[in-house]
Amino acid sequence: MNGTASPLSGKALVLFEQFKFFLNLYFLIMASSQFIPEIRIGYLYTYWGPLCFVLFVTMCREAVDDIRRYRRDKEANSQKFKMFTNSGIQHAPSSGIKVGDLVFVEKDQRVPADMVLLRTTEKSGACFIRTDQLDGETDWKLRLAVQDTQRLPSNADLLDMHGQVYAEAPQKAIHSFVGTYRRMEVNGAEEPLNIENTLWANTVVASGTALGVVVYTGGESRSVMNTSQPKSKVGLLDLEINTLTKVLFSAVVALSIVMILLKGWGGPWYRYLFRFILLFSYIIPISLRVNLDMGKAVYSWLITRDKHIPGTVVRSTTIPEELGRISYLLTDKTGTLTQNEMVIAHLKTAYSSGTQTVTRQGTPVRRTVVTRIQEAVTALALCHNVTPVYEDKNEETAALQTEADMQSQQTVVYQASSPDEVALVKWTESVGLPLVQRDLNSMQLRAPSGALLSYQILDIFPFTSESKRMGIIVKDEDSGEIVFYLKGADMVMQSIVQYNDWLEEECGNLAREGLRTLVVARRILTADQYQDFQSRYHQAKMSVQGVVESLERDMELLCMTGVEDRLQDNVRPTLEMLRNAGIKIWMLTGDKLETATCIAKSSKLVSRNQDIYTFKKVTGRTEAHLELNNLRRKQDNALVITGDSLQVCLEYYEHEFVELACQCPCVVVCRCSPTQKADIVKLLQVHSGRRTCAIGDGGNDVSMIQAANAGIGIVGKEGKQASMAADFSVNQFSYIGRLLMVHGRDSYKRSASLGQFVIHRGLIISTMQAVFCSVFYFASIALFPGFLMVGYSTIYTTWPVFSLVLDKDVTPETALMYPELYKDLTKGRSLSFKSFFLWVLISLYQGGIIMYGAFLLFEDEFIHVVAITFTSLILTELIMVAMTIRTWHYLMVVAELGSLAVYIASLVVLRNYFDPIFLGTWGFIWKVVVITCVSCIPLYIAKFLRKKFNPPVYAKLT
């Protein structure tokens with residue numbers, strides 16, 4: 001669920017969120033006070049009308065956002081799954097799945113709930129799953145069905161047996177599980193269950209079809225427990241506006257007290273004080289919230305309509321301005337920066353000049369470059385743990401020969417725990433040496449000539465994180481030759497292979513490109529050597545590595561490969577643009593340290609001339625202290641740290657670590673859990689006080705996205721969870737460049753300009769009210785009738801002022817070409833106390849000029865003062881809007897001329913407020929023109945001089 005509340009509690013929650021803002025709370029109190037006759041100063045509608053309209057607009061916007069989220073959740077929860085029941089196979093939505101149900105999950109289908117695996121279509125009970133949406137790891141995981149249920153003749157037998165599965169209490173740990181399986185009718189013997197027998201919700205079945213029993217659903221599933229609850233987000237600009245309204249409120253109270261002091265304390269002074277506060281309440285314009293909220297809706301619409309970023313969706317319309325204030329971008333790796341598609345980008349065979357003669361089993365053999373390439377390709381085709389699976393309905397192909405012959409008519413899918421291995425086998429297939437068949441003891445390849453090459457698998461030494469290598473001993477069934485193949489990390493293999501002068505340098509070159517290097521070697525064994533090894537190997541099962549190392553000596557180096565995890569389109573230029581914009585990028589991934597480091601290099605997150613400081617594994621305070629001291633000496637290095645070490649540092653030295661990490665050009669956190677990602681986001685917000693943006697594509701990124709000030713979700717191949725929970729949804733990573741540089745900039749600049757102008761509109765009329773009261777013996781009487789007051793902030797000036805949401809200071813092309821312009825936005829200068837007080841001075845000057853000008857030119861009746869001052873006020877506002885606009889849009893011209901036409905028409909219609917005879921005289925016209933010119937021309941001259949002698953940064957580029 002991504003909705004923030006249920007429909008019933010939603011209204012209460014929205015009202016609470018709205019009255020948390022000082023502005024709305026203040027107006028609620030002001031409007032409520034009008035029910036008291038002694039302090040009423042106008043009609044109820046003049047206060048309650050605008051307040052109710054504000055709340056109505058806000059609640060409608062929040063309701064639209066929540067309805068969209070509800071529909072997305074409903075769509076996700078109504079995905080159909082096959083359930084196995086006594087009535088046969090039935091289709092049920094994922095929301096209808098309960099604990100104890102038997103559910104089928106097919107290949108490439110997402111697991112709907114946490115399940116214990118009972119049966120698979122593989123005879124061995126094995127099943128591969130992809131977990132990158134849960135923990136960020138790219139490697140496929142092997143899962144095993146409960147042996148007792150896998151041995152049953154058919155699925156139907158499950159319904160006839162009486163079994164029991166015990167599962168531990170729900171918990172967050174995604175890499176552990178404790179449970180038992182018991183079959184009641186067979187001696188009641190228990191079979192222990194662990195993580196290998198589970199399918200967690202949000203993982204994807206990568207091979208075959210799985211049948212499982214549901215043990216956890218909904219909020220008790222591992223993926224949901226690792227996801228934080230969504231919250232209503234409030235933008236920094238809204239908080240800044242809220243602070244300014246508190247300053248304005250202080251000004252209202254101070255001005256009212258000054259008026260009371262000048263009037264004297266006689267009579268019911270407290271009643272007069274409250275009436276003054278009500279009279280000056282227009283200093284804090286209630287239309288401010290409406291204008292800003294409607295502005296947000298416009299920015300959201302413009303983002304979704306941008307043809308350069310098709311498919312972009314704004315899911316939260318409350319925070320588009322946040323995109324213009326980002327200092328830290330926290331990104332996932334798998335599926336966000338990368339496509340999670342491995343390809344061989346480089347293959348280097350052992351160098352030899354001309355030909356070389358070696359002795360093989362007593363026979364001299366001439367070796368050319370071609371021979372070496374053949375040997376290298378054969379080694380890659382044999383040294384792995386990959387199994388080919390044929391996608392065909394006729395699975396009863398008895399003879400291996402037949403299966404091989406049918407390969408051309410069937411689609412083959414390679415299964416392995418590591419995508420790197422699959423990439424290598426796919427590459428050998430592309431060069432004409434495909435893997436045709438494999439089981440526990442044998443392997444078959446097809447030669448380019450079409451002949452089948454059969455090999456017997458004698459021993460396999462699997463890859464471990466300690467050994468960092470994988471070995472296999474095979475016997476060629478045609479020649480009887482026994483070969484030991486070994487592949488592994490270059491650091492390990494350098495001491496194993498024969499001396500050479502190129503391996504280290506070449507590996508360094510590939511590592512700088514961000515490729516994952518594998519060194520492949522072999523050793524040809526005689527029958528006697530193998531027999532000797534095998535006898536020692538079986539005797540020393542407890543210390544396998546020691547015996548295997550006896551073979552890992554002086555091996556013949558065959559080749560070196562560079563495997564690349566393909567990046568998303570335009571990742572490198574986008575990251576460079578963001579860096580130039582002053583945004584610091586942190587990569588948070590659940591993947592291995594080596595993989596994360598490679599991607600950081602290949603994506604140019606770490607530039608070529610930048611060193612990487614890999615934070616050593618720390619377990620206690622002393623080790624953490626030493627490592628932090630080492631990091632302090634390498635401030636210009638990129639930091640790579642594991643989630644466990646990070647946890648230790650935060651436990652003992654939180655402030656010191658964050659301070660040092662924030663100074664690094666970029667940070668990579670690997671082996672990072674979903675909740676840890678969210679904690680890092682919150683940590684940066686608290687310690688740096690800056691705005692954060694998180695971007696990801698998987699269920700494991702949801703917590704991070706919801707914790708960030710602006711969360712962006714990518715619609716990935718593996719599902720839409722992240723994009724549904726995010727504030728903004730994009731189709732690819734590169735779109736965030738335009739989203740931040742163009743839309744973020746425009747939204748922030750426009751809202752800052754709009755907010756300050758609406759405040760100016762309230763201040764100028766309050767200044768006029770203050771001057772009026774001071775001239776008329778500090779009487780608490782309104783200058784303009786209630787209808788004109790409401791009309792001033794609505795029909796007469798709303799559209800010209802609101803048209804500022806279409807203004808822009810630079811073109812999108814300039815903003816993208818000079819991302820350095822973005823740095824200026826993070827300083828918040830567009831809406832600061834300096835700019836605010838400048839608008840206060842402008843309002844005081846213009847309000848004073850209009851009132852004192854009217855009194856100087858005042859003739860017969862008071863109604864003439866109202867006509868002159870109100871007309872001058874409207875014209876001043878329209879001219880000020882025109883002076884504020886930097887890039888004209890045709891709708892701005894329509895708004896200006898339309899508002900002027902509406903006002904001229906109302907002069908004729910509203911005869912109760914204006915004297916029609918006086919309005920037709922030259923006296924009225926020249927007085928209004930003179931007052932308006934005096935209030936506006938000096939400001940225009942000041943603006944012109946400032947632009948000439950102190951132009952803004954962007955003006956130098958256009």
Peer 1: Does the distance from a Lys or Arg side-chain N to an Asp or Glu carboxylate O, for Arg671 and Asp644, drop under 4.0 Å?
Peer 2: no
Peer 1: Can any side-chain N or O of Arg579 pair as donor or acceptor with the backbone N or O of Leu605 at less than 3.5 Å?
Peer 2: yes
Peer 1: Students often mix this up, so state it plainly: with edges at 30° and 60°, are the rings of Tyr328 and Trp586 parallel, tilted or perpendicular?
Peer 2: perpendicular
Peer 1: Keeping the roles fixed (side chain from Asn194, backbone from Glu196), state whether a donor-acceptor pair exists under 3.5 Å.
Peer 2: yes
Peer 1: State whether a side-chain donor-acceptor pair under 3.5 Å links Tyr299 with Ser751.
Peer 2: yes
Peer 1: I'd like to know if Arg130 pairs up with Asp108 as an ion pair, taking the criterion as any Lys NZ or Arg NE/NH1/NH2 lying under 4.0 Å from an Asp or Glu carboxylate oxygen.
Peer 2: yes
Peer 1: Give a yes or no on whether the backbone of Gly235 and the side-chain of Arg325 come within a donor-acceptor separation of less than 3.5 Å.
Peer 2: no
Peer 1: Say whether Thr692 and Asn709, considering side chains only, have a donor N or O and an acceptor N or O under 3.5 Å apart.
Peer 2: yes
Peer 1: If only atom types and distance count, is the side chain of Gln676 paired as donor or acceptor with the main-chain N or O of Gly643 below 3.5 Å?
Peer 2: yes
Peer 1: Going through the distances and angles, do Glu168 and Arg222 end up as a salt bridge (charged side-chain N to carboxylate O under 4.0 Å, His left out)?
Peer 2: CA-CA 12 Å; Glu168 64 184 346; Arg222 293 295 205 268; 2.9 Å; yes
Peer 1: Could you tell me whether a side-chain N or O of Ser747 sits under 3.5 Å from a main-chain N or O of Gly744, the two making a donor and an acceptor?
Peer 2: no
Peer 1: Taking the six-membered ring for Trp, are Tyr216 and Phe177 parallel (under 30°), tilted (30 to 60°) or perpendicular (over 60°)?
Peer 2: perpendicular
Peer 1: State yes or no: are the ring centers of Phe81 and Phe104 separated by less than 6.0 Å?
Peer 2: no
Peer 1: Using a 4.5 Å cut-off on heavy atoms from C-beta on, say whether the side chain of Arg738 contacts that of Pro812.
Peer 2: yes
Peer 1: Taking NZ, NE, NH1 and NH2 as the nitrogens, is one of them in Asp238 or Lys296 under 4.0 Å from a carboxylate oxygen of the other?
Peer 2: yes
Peer 1: Looking at Thr198 and Trp200, would you say the former's side chain and the latter's main chain have a donor-acceptor pair under 3.5 Å?
Peer 2: no
Peer 1: Any carboxylate oxygen within less than 4.0 angstrom of a Lys/Arg side-chain nitrogen, looking at Lys749 and Glu321?
Peer 2: no
Peer 1: So, Lys333 and Asp591, do they make that salt bridge, N to O below 4.0 Å?
Peer 2: yes
